[in-house]
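These notes concern the structure reproduced below.
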Amino acid sequence: MLWVDKYRPKTLDHVMVHSDTAQNLKKLVSEHDCPHLLFYGPSGSGKKTLIMALLRQMFGPGAEKVKVENRAWKVDAGSRSIDLELTTLSSANHIEMTPSDAGFQDRYIVQEIIKEMAKNRPIDTKGKKGFKVLVLNDVDKLSREAQHSLRRTMEKYSAYCRLILCCNSSSRVTEAIRSRCLNVRVNAPSEEQIVDVLQFIGKKEGLQLPSSFAARIAEKSNRNLRRAILSFETCRVQQYPFTDKQTISPMDWEEYVSEIASDIMKEQSPKRLFQVRGKLYELLINCIPPEIILKRLLYELLRKLDAELKHEVCHWAAYYEHRMRLGQKAIFHIEAFVAKFMSVYKSFLIATFG
Amino acid sequence: MDDMDMMDMEELELLESSYRIYEQEDDNHYLYNPPEDEPELQPEQSPPDLASPSEPQSNSHKRSRSDPNSDLDSDSADVEKREKVRVRAEDPPADEDWLRYSPPPSPVRAEEVRLSKEKTLSRFASEIDGEVMPVTAPNGDRVYTKLDRYYGEDRATKLNSGEFSSDLALEPISVLFERLEEETFAKTLEASSESQSVVDVPETLTLHEKLWVDKYAPKSFTDLLSDEQTNREVLLWLKQWDSTVFGSEIRSTSEDVLSALKRHSSISHSQKPLGSGFPRTKGGHVWSNNRYTNSRSMEGSNNRYTNSRSMEGSDNSMSSQDTHNTMTRHIGAPEQKILLLCGPPGLGKTTLAHVAARHCGYHVVEVNASDDRSSSTIEAKILDVVQMNSVLSDSKPKCLVVDEIDGALGDGKGAVEALLKMISAERKPGAGKQSLDKEQTEKKSSKKGRKIASLSRPVICICNDLYAPALRSLRQVAKVHVFVQPTVSRVVNRLKYICNKEGVKANAIALTALAEYTACDIRSCLNTLQFVSKKKETLNAFDIGSQVVGQKDMSKNVLDIWKELFQRKRTKKMERKSHDRKVSEFDTLYSLVSFRGDSDLILDGIHENILQLNYHDPVMQKTVKCLNSLEVYDLLHQYIMRTQQMPLLVHLPPIAIIVHRTVAQVQKPIIEWPKSYHRYRTTMMEKMDILNNWHNKISPLIARHLSATSFVEDLISPLLHILSPPSIRPVALQLLSDKEKNDLAQLVSTMVSYAITYKKVKSDMLPNTLKYGVKDELTLSLVPSIGNFLNFKDYTSNHYVLSLAMKQVLVHEVEKHKILQANVKTVSLENGGHGAIQAGNNCIPFANTNNNTAIVDKKTIESQANVFARKSNEAKIVSPNLNLTNIVNATDKVKLLDMGNRKKPSRTSSSFFDRFIKSNVKGLQNDDGSLQKETTSEKDRSPLLFKFNEGFTNAVRRPVRMREFLS
């Protein structure tokens, strides 16, 4: 078992990074007044960990006994009936799923499952209340229709079920849903917090972790706790007594992006752009999300860029990322960004060096 | 002599059929020409009329002299006279009736001679009717000199042709002749009834109702405009049916036609002696050759069945008519029973099918898209066509023409299916050639009584799109002919002829432009012409270019469109009027792109190819512009798809034009089909599937924290490092230090929790793993192959790869760990109570017998627990409240449970395997879970661990020592 999983806090009390949030959540549960929740924040910041700990706080250790189900639904949608299939994780008290996997028919799943939960409302032995929790991942990837259909069901069935929504960016969640939820922002942990966690793990594993090395790992991790722990373990595997000079092996795709960046810096021409396109395809083929590619590419380019240009390049990156999100074929937009960068950079070079 | 006659006949036939096609005729043809018309006359018993045979002669004579652009009266006169001959030859009785009513012809005649240019067919006919009466008298000269100036010429030629005519008494083209008779008869009747009242009726009255397309549809084979080669092939194919369809009745004619055709296609004369006897052994038609040799060999082996016939067949004497009749019968129907004609609309496919079928003496039955084409009805219809001989009418055999077969969708597919069924019914019995032959003869004798009808009549299918999915299976069994455009000059000639007939003034340039504009679609040409003539306008080249004339939506090949977009037309001197030029360029490009329809494909192609162009772009501004417009396309397209605002699609073509204006070069671009995006999509989907499968396999407690995409983003590269620690040594477990054991245990548990293991893979599939092992040796690689997610092109990752020995150790350990884990799980499940109750119920009768074994097991379980303790992190898997005694209890119960399942406790049974086999068989009614329990609890009892694979009950049973497994 990886350290990431091994040292994941199981209860709200053990949460190290967002302890204040955890305490608030605990209070919510203890007052039996749990509203719908919307967790948002960058990946690797601990949203899911918080949610799991919260569930455990609500339902006790039973919440950890989950089973995977591949469920099929038959939905009547007016004239036709639609067959849907989705993998769900469920325990006695909650169901967890990623509705956006169902594509554009996600809204049927959301409605259907909420109604279903409402039907078999759990009754406590004490005859008291009882609600189930529906955890929806990647709400920002839900279609607009699904989000709209969600808001009514949220209210209608709130007596029977609570929703815990989880997403990276709340901006793609409609206003209506955001206002119906208690929004919990889960920040990326600061580097100090990461160092603390690493030290904690090191102590548990009985390792000597020089603080400077921990700081380096934290810095490299881009404030992503998961990545930090993973690379910590990688370093442990590669070379144990840690030294300050030890290399922290980078993510391979990031290496590849930086290769692309240096390609771009070396030559600016349609021919080169064509080569870059091939490499971009390589990245996309390996399931790396285009937004992340673009972001990383910008990061790599900015590192090598003259300060004068940084502002403009950032502007264009934002411009093209916006269009990429509106569009469908990501490669068009990344490529257009590269072309724009080449153009800007080359005219800059010509202007400066003649 | 016979032979010679045959050849002559052949030639003549050919001439008959093709003298329209070949505008130039050499002298020979000219000489041989008369006999073909001679037979027409002879049966009618009008030998004294010497002038009449010469008329057709004169026709052809004149035609041979007239160049394609000859004036209109000669053309029309020709036709009229041809009609005239037939009419006269055919119905003297009618004429006799005629004479009684008709006004004396001579006064009228004088005017009419002058008017002959404008004269219509009907009037001529009526005139002739008047004239023919005197002809019955022996003296004919007087009449002709009066009537028409052309007759003078006719007479001149008549004399030399007369000699030849006497020799040939055969009927060369009786079928054709009959048909023509009917036609002309009908026409004559119609016409005469008119001329009865008014001689000078303006013909326009009758003709304006009809579409020109129908009016001037080719009536005979010779009129066809389509490609000669195709025409001939179709005719040949139809002729091959003769033997099966007609038997021997019409054979002589058909043979003649066939061989004449063959000869004229003039590929080889070397086979001449054979060719006259067995006309299908022609070079260039391999299939017919094969057929022929087949039949030959059949005959050789076939003596028993058809003795006399095979005798005839083996008799190679080429002179005898009989011989080659029998030969044809042996040859039977053509190899491919279905003819599939395909080509763009308006080239005359349907017309060809009809004409050729009629030419060969079939009654055409057409099934087209407007008919009911469901499977049942079509089958009945085909049966009807293919097997029945019509009782009424002329007892002509039928020929089925299935038109627009590619449009067959849904029910319409029935047509194709029914046809295929019939063909396969034909094929099956024909496994051996003998039986095929036999069956064909049988079929002839008893057509009924077959289970599935087989095709015994020609079927012609017509389609526009050869590659329509509905036709896929048909394409393989049918003989396919692709229509090509006829040459413009041929179309123009025809058009001109029709224009002349209709009195429309049109010059050759305009007609050529029209033909080119419609891509030689004769139908649309004619429709346009009719339209124009109706408006009393003259056709000129300008009209055609403008929108006055109906324009056909021409969709061009996508590759051509890309070429157009990337290639700038050479600018000519009209550079000054560049604005105009650009406007027209825009128009053409716009129509080009929008007619094609799928802007997606076009723009994807642009994206694929744009960076390969050689355009001058110092600061990449052009590239940016193009890519930006491609972005706009993507946004727009996405928006349209999402909101279903299809009208917005019209804005896509201009994007292509922007690109054209920006980067188009004069030099020729190299275009590649846009594949890379699709390749990206498919490979990404595959990898996504791998990821998702992996994700599902990992225990949910871990997997829920990671989405499939963050696997690649965050996890895989560190995971690969962690999975291959360089420090670990591939030695036996006992030799490892405690720390190393710890590391190994950690590694194994990681692999197990992430559902990763090593598997044997052929090394040539994975070039990266080649380091360890010779080429064809098996190597171990990670499953799922997460390393593949880091295989970027031109990128080498610095991951350490474990040695083969280490991997093997790991595989072993992972398996062991998995079993242990499963064991612990079942144990804790038992603890949950459900299992315990069940066990309790089952095992009370056996409790006593098992007491001692349970005690023994306690020890083993203790030792097992030690193992657990050593592997520290596994403690987590064991539920916290599970102490040692619990384990013991539970395993006891499990044991009792499986005793209960086994009914007969076979403690004494010697072999391990026996027990499992039995328990497996017996335990079939149990669910899988209990099976699993059985096996795992069995493992607990002994210090040995092995995995029991379900479904291996058929394995060889023999005693094996456990140490052999362990080594």
Side-chain angles (χ1 to χ4, degrees), chain A residues 1-2 5-6 8 43-44 48-49 64 66 68 87 89 96 98 137-138 224 226-227 230-231 233-234 237-238 240 249 251-253 255-256 259 268 270-271 273-274 277-279 281-289 292 323 326-329 331-333 335-336 339-340 342-343 346-347 350, chain B residues 607 610-613 615 617-621 623-624 627-628 630-631 634-635 637-639 641 676-677 680 683-684 687-688 691 696 700-702 704-705 707-710 712-719 721-722 725-727 746 749-750 753-754 789-795 797-798 873 876:
Chain A
M1 196 176 274
L2 293 175
D5 308 311
K6 197 169 159 186
R8 196 187 295 284
S43 74
K48 274 322 254 315
T49 310
E64 277 170 15
V66 288
V68 187
T87 317
L89 271 179
E96 197 179 330
T98 312
N137 296 325
D138 294 341
N224 183 335
R226 169 168 47 216
R227 197 183 283 186
L230 277 169
S231 57
E233 192 174 358
T234 309
V237 158
Q238 282 172 336
Y240 173 48
S249 44
M251 307 292 286
D252 289 271
W253 67 268
E255 278 294 283
Y256 199 64
E259 270 183 29
Q268 297 83 34
K271 291 280 164 297
L273 184 57
F274 187 71
R277 174 196 289 177
K279 291 189 166 186
Y281 266 134
E282 281 290 310
L283 282 171
L284 287 171
I285 280 172
N286 285 301
C287 307
I288 297 172
I292 291 175
R323 297 178 83 161
L326 291 179
Q328 191 187 21
K329 295 179 173 171
I331 186 79
F332 280 34
H333 306 281
E335 210 179 303
K340 186 74 198 175
M342 282 178 167
S343 172
K346 198 163 189 187
S347 42
I350 290 171
Chain B
H607 176 248
I610 190 166
L611 295 178
Q612 300 285 38
L613 294 179
Y615 52 93
D617 194 10
V619 286
M620 303 274 294
Q621 269 163 346
T623 320
V624 170
L627 286 173
N628 276 348
L630 284 175
E631 271 195 296
D634 182 39
L635 299 184
H637 187 251
Q638 168 77 356
Y639 181 78
M641 287 299 131
S676 54
Y677 187 76
Y680 146 66
T683 38
M684 198 198 71
K687 294 212 169 185
M688 220 45 190
L691 271 185
N696 288 338
L701 287 175
I702 293 169
R704 61 168 26 156
H705 291 280
S707 65
T709 46
S710 59
V712 193
E713 201 189 323
D714 285 345
L715 185 68
I716 284 183
S717 8
L719 188 62
H721 282 295
I722 292 167
S727 58
Q746 174 125 3
S749 84
T750 303
S753 63
Y754 277 88
F789 287 96
L790 305 177
N791 272 343
F792 306 120
K793 208 170 62 190
D794 310 324
Y795 175 79
S797 61
N798 52 351
N873 49 337
K876 197 147 284 173

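Predicted model only: the values in this text are computed from it and were never measured.
- Residue Tyr639(B): no heavy atom, backbone or side chain, is found under 4.5 Å from chain A.
- The NZ atom of Lys340(A) sits 6.5 Å away from the CG atom of Asn628(B) when rounded to the nearest 0.5 Å.
- Ranked by heavy-atom pairs shorter than 4.5 Å toward chain B, the options Ile288(A), Ile292(A), Val68(A), Thr87(A) are led by Ile292(A).
- Proximity of Arg226(A) to Glu713(B): side-chain heavy atoms (C-beta onward) are nowhere separated by under 4.5 Å.
- Contact tally against chain B (heavy-atom pairs below 4.5 Å) for Arg323(A), Lys48(A), Glu233(A): the top residue is Arg323(A).
- Contact record, Leu630(B) with Phe332(A): O-CD2, 3.5 Å, taken as the closest heavy-atom pair.
- For the pair Leu2(A)/Leu719(B), a side-chain contact is recorded, criterion being any heavy-atom separation below 4.5 Å from C-beta on.
- Relative orientation of the Tyr680(B) and Tyr281(A) rings is tilted, given thresholds of 30° and 60° on the angle between their planes.
- Note: His705(B) leads His705(B), Gln621(B), His721(B) in heavy-atom pairs under 4.5 Å with chain A.
- Of the listed residues (Leu89(A), Asn224(A), Leu284(A), Thr49(A)), the one with the most heavy-atom contacts under 4.5 Å to chain B is Leu284(A).
- Of all the heavy atoms in Asp5(A) and Tyr754(B), the pair that sits closest is OD2-OH, 2.7 Å.
- Proximity to chain B involves both the backbone and the side chain of Leu283(A), based on heavy atoms less than 4.5 angstrom apart.
- No other option in Ser347(A), Ala339(A), Gly44(A), Ser343(A) has as many heavy-atom pairs under 4.5 Å with chain B as Ser343(A).
- If you tally non-hydrogen atom pairs under 4.5 Å between each of Ser43(A), Ser249(A), Pro270(A) and chain B, the highest count goes to Pro270(A).
- Ranked by heavy-atom pairs under 4.5 Å with chain B, the list Arg227(A), Lys346(A), Met251(A) is led by Met251(A).
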**Request:** Report the C-alpha separation of His607(B) and Glu335(A) in whole Å, then their side-chain angles, then the decisive distance to 0.1 Å, and conclude whether the side chain to side chain contact (heavy atoms under 4.5 Å, CB included) test is met.
**Result:** CA-CA 10 Å; His607(B) 176 248; Glu335(A) 210 179 303; 2.9 Å; yes
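- For Lys279(A), the salt bridge (Lys or Arg N to Asp or Glu O under 4.0 Å) partners at least two apart in sequence or on another chain are Glu259(A), Asp263(A).
- Taking each heavy atom of Asp634(B) and His333(A) in turn, the nearest pair found is OD2-NE2, 2.5 Å.
- With a 4.5 angstrom heavy-atom cutoff, Leu715(B) touches chain A via backbone and side-chain atoms both.
- The CH2 atom of Trp253(A) lies 8.0 Å from the CG atom of Asp714(B); values are rounded to the nearest 0.5 Å.
- Remark: side-chain polar atoms of Asp252(A) are not paired, donor with acceptor, to backbone N or O of Ser717(B) under 3.5 angstrom.
- Each of Gln612(B), Met641(B), Met688(B) has some count of heavy-atom pairs under 4.5 Å with chain A, and the biggest count is that of Gln612(B).
- In plain terms, the two heavy atoms of Leu326(A) and Gln638(B) that are nearest each other are O-CG, 3.2 Å.
- For Gln238(A), the parts sitting under 4.5 Å from any heavy atom of chain B are the backbone and the side chain alike.
- Residues Met342(A) and Thr623(B) are not in side-chain contact: their nearest non-hydrogen atoms beyond the backbone lie 4.5 Å or more apart.
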